[in-house]
Amino acid sequence: MEHLLQELNEPQREAVAHTDGPLLILAGPGSGKTRVVTRRAAHLAATVTRAYKILAITFTNKAATEMRERIDSLGVAPGMTVCTFHALCAKLLRIHHDRVGVPANFTIFDRDDRRKIIKQAIADSDLSTTNWQPSAIESAIGDAKNHMVSAAEFAEQASDWRERTIARVYTQYEAILTKMGGLDFDDLLMRMAVVLSRDSQLCMDLEDRFSYVLIDEYQDTNDAQYLIAKQLTQQRKNLCATGDPDQSIYGWRGANIENILAFEKDYPNAKVVRLEQNYRSTKRVLSAASALIAGNSQRKEKSLWTENADGARIRVVEYENGDEEAALVVRDLAQRIREGQDASSVAVFYRVNSLSRSLEEAFLREGLPYQIARGVEFYNRKEIRDVLAYMRVVVNPADDVALLRIINTPTRGIGNTTVNRLKDFAKGTQQSILEVVNTRSAEDLGRSAKKLKTFAELMQRLAPLFELPPAKALDTILRESGLRAMYAQNIDLDDAPAGNLDELLSAASVYQEDFPEATLIDWLEHTALVSDVDAVEDGRAAVTLMTLHAAKGLEFDVVYVIGWEEGLLPFRRRDQIESSDVEEERRLAFVGMTRARKRLTLSYVRYRMMRGITERSVRSPFLDELPYNEVEWPTKAPTRANKRQIPSGELPHDIEEWHMGSLVRHPIHGLGQVMEITKGARRTHVDVQFKNGSRRSWVLEFADLERVDFDEVGDAR
DNA sequence: AATATTCCCGTTTTT
DNA sequence: CGGGAATATT
């Protein structure tokens, strides 16, 4: 087992060699975390325990797969459990369904399903979706579940009318879920956390089953996940948490950075290992990123260092507008690629997806291959969801969401009127829609009674499929339902649905081979929880475009991060006075920067068009936090000859902080002072007295003015 | 029931 | 400006 401890630096070795008791691995970017985690798991399996006693939990399937593969390659006996939090909970809830109080065949509802049910719940509560936005209610409920607040508790705590109303919808939402035998993603975690806190015997049994627990990306855990981890390791405290508070970027999704920050308080005798040596980036990249993140107060300090080369200075570039930015960034990276840089090791990151459009156009114009990393897709395609809906009803006939999807797909003459009638019959009863169809008389069902009968017979025929292996069941469904025929008809060259169905079929076959014992329920669960089928293809010779969030965990030789502007990089919603969480935004910028191995370019524009409106923008204050000498600052605006740049500034550049007395600069009139500023409902006017004697006024948005810091006027930098 | 039109809304999104 | 969804049209 000595080889597991080879080729490690000192803290890495310490972490790998640690066996019993709590361990916190604070892993800076590029510090070899995965290597340490996998080695440690292998080491445990070889020394103090057996592989099947180890549980490794990740957040994404991708991470789980990678970890599993790397552990396998270390020559560990098979049997280790490596899975996502959600998959773990789904499995455990399924096994212990009677103790939890959920049906054994519960369906996992995804975001789409959830939205539909929420709309239903809003309607059931006699509210209009105009006044009560489904998305707002959805996030309120999701929030509650992240904090393990049940509908009843929510209602109890509700202090105003709005909250009481949301409580009503939440209650109704839960009622619908229960009736349908469904759990949403948040439920998987919440139910598990709740059952563990009530059932100490179960905790002990599970701790017996999994003696060593390892959690990756611990900074991203929410309250439920935190509790699950805690309860799974109650007796022996064999919890190893790895992560980096500086890379916590999912606070808005319920992740609680305190979980990792307070780890030592939760586990007082915890061993803490800091992985600070970086093997990825140049010294310049690292010091710039470090300087930026030092601006945060909520952190566990690390001093990142590297033996890598100094590297090129970080470039900060100013462009006139988004189109120019896109065009010139693409031209710049095209040049790099021409010089021999591999396109697949080049990436462009942005804060919001909308910035990808102009980039895409630029890539197309330049004729350069690119790929946009957007997850989901495959299992979200209509044809895939159609088939899966059939399977869902087969497995769980109470699943009305799925049933309503397929009742007229392919079209079989069952229209809205009929469907509404069915819904009415089912409402307020414990009957599912399918039961209504099966039990109501022909008179009740109305004109479409015959067609409903035919449909009911179809479902009757499909019902026994639930005990068949997935591929076989899938094939039968495709044939019997008429879906295959339906999709065989339209052969769009673009994306052939029929081909996707075949792909799904082969995925089922592969699954079946991998897990010969698996049932349709397992396969369905798999499809609900594993959706990264066609995420980013690596190895393709294309430049990668993605959001900063999506970039976490990846690395590229050459990185561009665009849109370093006030309101966009520390993102601020227009209607929000407070910028949401500047520290999290700074971490996001940090994550983006630390993806770069060799070259890093940050850009901002003077005018940014968003939602069809062009607005004057102010460069991100984050740029001012970068170390002055490590950065190649913009010298002059490329298309504005006589515009002087401010290389660094301490004062905020926020347009909303313009007030009387502000010093400004105009390309023609030169230096001036704001004499008057009037905020109208739509436009803000400025009146400026210039040093050269002229006095002018503009609408601020269109004024070619730039704010100047007081101490820069004398400073001829 | 399929298609055209208008309307609305706008950050990130591991499962 | 542009996508998705609700609504109107044939």
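Just so it is clear, the values below take in all heavy atoms, side chains as well, and ignore hydrogens, waters and symmetry mates. In the text below, chain A, chain B and the rest are named by the order of the sequence lines, each starting its count at 1.
- Ring pair A/H549/A/W252 is perpendicular by interplanar angle, where above 60° counts as perpendicular and below 30° as parallel.
- Protein atom CZ of A/R115 is 8 Å distant from nucleotide atom P of C/dA5, rounded to whole Å.
- The phosphate of B/dT14 (OP1 or OP2) has no side-chain N or O of A/R111 nearer than 4.0 angstrom.
- One atom, CG of A/N353, and another, C1' of C/dG2, lie 13 Å apart when rounded to the nearest Å.
- Per the geometry, CZ belonging to A/R357 stands 17 Å off P belonging to B/dG10, to the nearest Å.
- Atom CZ in A/R611 sits roughly 4 Å away from atom C1' in B/dG10 (whole-Å rounding).
- Among the nucleotides B/dT14, C/dC1, B/dA1, the one closest to the side chain of A/T411 is B/dA1.
- Summarising the geometry, the separation between CZ on A/F106 and C1' on B/dT15 is reported as 13 Å, rounded to the nearest angstrom.
- Per the geometry, CH2 belonging to A/W252 stands 8 Å off P belonging to B/dT14, to the nearest Å.
- Nucleotides B/dT14 and C/dG3 are separated by 24 Å at their C1' atoms, to the nearest Å.
- Judged by ring centres under 5.5 Å apart and planes tilted less than 30 degrees, A/F571 fails to stack against the six-membered base ring of B/dT12.
- Using a 4.0 Å heavy-atom distance criterion, A/Y250 is classed as a base contact.
- In this structure, the nucleotide among B/dT12, B/dT15, B/dT14 sitting nearest to the side chain of A/F185 is B/dT15.
- One P atom belongs to C/dA5, the other to B/dT12, and the distance between them is 16 Å to the nearest Å.
- For the pair A/K116 and C/dA5, the criterion of a side-chain N or O lying under 4.0 Å from OP1 or OP2 is not met.
- The CD-C1' distance, from A/E66 to B/dT14, rounds to 14 Å in whole Å.
- No donor-acceptor contact under 3.5 Å links the side chain of A/R573 to the base of B/dT11.
- Rounding to whole angstrom units, CD1 of residue A/I122 and C1' of C/dA5 are separated by 15 Å.
- Residue-to-nucleotide proximity on DNA chain B shows that, of A/E584 and A/N408, the 5′-proximal contact is made by A/N408.
- Dashed line: the shortest gap from a side-chain N or O of A/S354 to OP1 or OP2 of B/dG10 is not under 4.0 Å.
- The nucleotide whose nearest atom lies closest to any side-chain atom of A/K119 is, among B/dT12, B/dT14, C/dA5, C/dA5.
- Note on A/R572: every side-chain N or O is 4.0 Å or more away from OP1 and OP2 of B/dT11.
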(request) Go through the steps for A/Y511 and A/H526 under the test ring pair (Phe, Tyr, Trp, His ring centres under 6.0 Å), then give the verdict. (result) CA-CA 9 Å; A/Y511 182 84; A/H526 178 78; 4.8 Å; yes
(request) Go through the steps to decide whether A/Y170 and A/K145 satisfy the test side-chain hydrogen bond (donor to acceptor under 3.5 Å, both in side chains), and finish with yes or no. (result) CA-CA 10 Å; A/Y170 186 5; A/K145 290 191 176 185; 5.1 Å; no
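- A/T221 has its side chain within reach of A/F59: a pair of non-hydrogen atoms, C-beta onward, lies under 4.5 Å apart.
- Proximity note for A/T547 (side chain, C-beta onward) versus B/dT15, B/dT13, C/dC1: the nearest is B/dT13.
- Taking all atoms of both residues into account, the shortest heavy-atom contact from A/C89 to A/I228 is SG-CD1, 3.8 Å.
- Map A/N416 and A/S135 each onto its nearest nucleotide of DNA chain B; the residue landing nearer the 5' end is A/N416.
- Ion pairing of A/D112 with A/R405 is absent here, as no side-chain N (NZ or NE/NH1/NH2) approaches a carboxylate O to less than 4.0 Å.
- With pairs defined as Watson-Crick or G-U wobble and both atom distances under 3.5 Å, the stems of at least three pairs that touch DNA chain C come out as B:1-10 with C:1-10.
- Using a 4.5 Å heavy-atom cutoff, the side chains of A/Y218 and A/T242 are not in contact.
- A pairwise comparison of heavy atoms in A/G295 and A/E583 identifies O-OE2, 4.4 Å as the closest pair.
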